[in-house]
Amino acid sequence: MSPQPLYSSTLESTYSKSSGLNTPENELESVLPVHPTAARREYPIQVASEKTTYSDAHVTAKFSDRGATVETLQNGQFKVTPTVTDYEFKTQLKVPKLGLMMVGLGGNNGTTLCATVLANKHNICWHTKQGVQQPNYIGSLLRASTVRLGSDAAGKDVHVPIGEVLPMVHPNDLVLGGWDISGVPMDKAMHRAEVLDWDLQRQVAPYMAEIGAPLPSIYYPDFIAANQEARANNLIPGNDKQEHVEHIRRDIRAFKEKHQLDSVLVFWTANTERYSDIISGVNDTADHLLASIKASHSEVSPSTVFAVASILEGVPFINGAPQNTFVPGVIDLAEKNQSFIGGDDLKSGQTKLKSVLAEFLVNAGIKPLSIASYNHLGNNDGHNLSAEAQFKSKEISKSSVVDDMVASNALLYDPEKEPAAGAKGTKAKKGEHPDHIVVIKYVPAVGDSKRAIDEYYSEILCGGRSTISIFNECEDSLLATPLILDLTILAELLTRVQYRNVTKGDKEFQPLYAVLSLLSFMLKAPLVKPGTEVVNSLSRQRNGLEAFLKACIGIEGSSDLILGTRVW
C-alpha cells in the first residue's frame with residue numbers, strides 16, 4: 001500500500017513504504033487478541049428436533065404462532081379465544097459477499113463505520129491516555145449481545161451471541177462504498193469528523209484512503225438546511241430526477257460488478273431532510289410517484305430518489321434518518337417489486353433510554369405527566385438540525401416513542417380524553433398523553449459528544465408527584481455505527497428467509513413482507529406494514545426479534561415462566 005498525502009508531514013512520516021504502518025504500531029497487534037465481539041466462530045447451533053431439518057443449502061423449521069383473539073362482550077367482559085397458526089421457515093445458510101453503500105459516506109457515521117470495520121479487519125490497536133485500546137463491536141446487538149438457547153444438564157442457562165442463532169455476515173467482510181455531496185476523500189473526511197482517537201485515525205488512514213472519495217450524490221437545497229451548501233461540491237449533475245434514479249441504479253450495478261458481490265444494501269445515513277408533503281396524485285401510489293419522478297416534481301426528496309432506485313434495482317434500502325422517505329408511493333412500489341425497505345431514524349441514545357424508562361414507569365403503574373427532553377451537540381448533524389424544517393422531522397421521530405406504552409394502559413391514560421390544549425408533542429394524537437417536548441440545540445464546541453437531559457414528571461399514589469432527571473453524555477457516532485451494522489446485517493439475513501403458511505395451505509415458500517419491521521429495535525420511528533400498530537417498547541422489540549430468529553431454527557421463544565423451578 002502506498003502512503004497517502006495526509007494532514008501534516010509528521011503524520012505522513014508514520015507510514016512505512018511497505019505496509020502503510022510503522023513497526024511500533026504493528027507491534028500493538030500482538031498486545032491484545034481479537035476482541036470477542038469481532039471474533040469468528042463456526043456456526044455453533046444444531047437443533048435436534050423433528051421440527052428442524054438441514055440440507056447443504058437451507059435450514060427448514062416448523063413453527064406454531066400462538067396468539068389469542070379477544071371479543072368485548074356487551075357486559076364489559078372479554079371472550080378470549082386462543083389461536084394457533086402453523087408456519088414453516090426456510091433460511092438459506094450460505095452467507096453472501098455483501099456490499100454496503102451508504103448515502104452520506106463521508107459524514108460522521110459513514111467515516112466512523114468504515115474506520116471501525118477496517119480497524120477490526122486488520123486488528124489495529126492504538127494508544128489512548130488509558131493505555132492500549134483494541135478494536136471491537138461493542139454496542140452491536142448482533143455482535144455484543146447474547147440470547148438464551150436453553151439449559152444444560154445441570155440446569156444452567158446456555159447463552160450464545162444473538163448474531164450466531166443463524167449464519168450472518170461478519171462486519172469485517174462488508175465491502176464499503178457509497179455517495180456523498182462532499183467530495184472529501186475518506187481519510188480526510190474521517191479527520192474532519194473528529195470522532196475517533198487520533199492514534200487510531202493515524203493508523204487506519206491509509207486503508208481509508210484506499211476507499212477513495214465518495215461517489216457524487218444528489219442535492220436538492222429545499223430538503224436540507226441552507227448551511228449544508230458549502231459542503232455540496234460532489235453532485236450528480238442536472239435537475240432531472242428520473243436521470244438521478246437511473247444514475248444511482250448504474251452506480252449500484254457498477255459497485256456490485258467491480259467488487260464481485262453477491263448482494264448490495266443501500267443505507268441512508270446522510271443529513272436529515274424536511275418532511276415531504278403527502279399529495280394525492282404525486283406520491284400516494286407507486287404509479288403516481290414514478291410519474292412525479294419523471295416530471296421532477298419538487299416534492300420528491302433525495303432520500304426518496306435513493307429508495308426508489310434501490311427498490312427498482314432489487315436491493316434493500318434502510319433509512320437511518322427521521323424524514324418520511326417512505327411516502328405511501330414508496331411502500332406501494334416496494335410491495336409490488338417485493339423489495340425490502342426499513343426505517344426510520346437510528347435509536348442510539350436518549351430515545352432508546354426513553355423507550356425503556358417510559359415502559360418501566362407505565363408498567364409499574366406510575367403515570368408520567370410530562371417528559372421533557374433537551375439535547376445539544378456540535379457535529380454536522382446538529383448543524384443541519386439547527387434549521388427548523390429539519391428539526392421538525394427529528395422532533396416527530398423522537399416524540400412518538402412513548403405512544404404504544406401510553407395506549408397500553410387505559411387505567412392511567414383515558415383513551416377518550418383529549419390532550420391539554422397547546423400541549424407540545426400531542427398534536428393529532430387521540431386520547432390522554434403526557435406532555436412531551438423535545439429540544440435540540442447546535443453547540444459546536446461539544447462536537448460529536450452529545451448532551452441529553454431528560455425530566456420525567458409523574459403522578460404517584462394519592463396525588464403525589466415524582467421527578468426523575470437524567471443527564472446523558474454520549475458519543476453520537478460511536479453509538480450510531482453499531483446500529484448501522486446491525487440493521488445492514490439483519491436486513492441481509494431477512495432476504496434469505498422464506499416462509500409458508502401451513503394453516504392456510506400454502507404450497508410454495510415466499511419472501512417476507514417488504515417492510516422489515518423486525519428491525520424496530522434499532523429505530524426511533526419503526527416503519528411497519530400499513531394498518532398495523534407500531535411497537536416502540538424496547539423489550540417487546542427485542543423479544544420479537546429473538547423469537548423470530550429462534551423460530552427459524554425450530555426453537556420456541558424464550559419463556560421466563562421457568563416452570564420447572566416453580567413446581568415439585
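Quick caveat, the model's predicted, so the values are computed rather than measured.
Under a 3.5 Å cut-off, the side chain of Arg542 and the backbone N or O of Ser537 do not form any donor-acceptor pair. Using a distance-only test at 3.5 Å, with no hydrogens or angles considered, no donor-acceptor pair links the side chain of Tyr513 to the main chain of Gln338.
When only modelled atom types and interatomic distance are considered, Thr60 and His58 share no side-chain donor-acceptor pair under 3.5 Å. Side-chain contact, Asp180 with Ser217: no donor N or O sits under 3.5 Å from an acceptor N or O. Counting only N and O atoms by type, the side chains of Tyr137 and Asn172 include a donor and acceptor under 3.5 Å apart. Arg192 and Thr111 share no donor-acceptor pair across their side chains, judged by distance under 3.5 Å alone. Side chain to side chain, Gln323 and Ser301 fail the donor-acceptor criterion of an N or O pair below 3.5 Å. No side-chain donor-acceptor contact under 3.5 Å links Gln541 and Ser520. Counted by atom type alone, Ser49 and Thr52 present zero donor-acceptor pairs between their side chains at under 3.5 Å. Gln510 and Tyr499 are linked by a side-chain donor-acceptor pair at a separation below 3.5 angstrom, with hydrogens and angles left out of the test. Using a 3.5 Å distance cut-off with no hydrogens or angles, the side chains of Thr128 and Gln133 do not pair a donor with an acceptor. A donor-acceptor contact under 3.5 angstrom links the side chains of Ser140 and Asp486, judged on distance only.
Smallest separation of non-hydrogen atoms from Pro316 and Val264: CD-O, 3.4 Å. Considering all non-hydrogen atoms of both residues, Pro214 and Val184 come closest at CD-O, 3.4 Å.
Salt-bridge annotation for Arg496 and Glu492: present, with a side-chain N of the basic residue lying under 4.0 Å from a carboxylate O of the acidic one. Between Arg253 and Glu257, none of the side-chain N atoms (NZ, or NE/NH1/NH2) sits under 4.0 Å from a carboxylate O, so this pair counts as no salt bridge.
Put simply, the side chain of Asp476 does not reach to within 4.5 Å of the side chain of Asn108, judged on heavy atoms. Using a 4.5 Å heavy-atom threshold, the side chains of Thr325 and Phe306 count as separate.
For the ring pair (Phe, Tyr, Trp, His ring centres under 6.0 Å) test, no residue two or more places apart in sequence or in another chain qualifies with Tyr87. Residues that satisfy the side chain to side chain donor-acceptor pair (under 3.5 Å) test with Glu475, not counting sequence neighbours, are absent from this structure.
For His191 and Trp198, the gap between ring centers is short of 6.0 Å.
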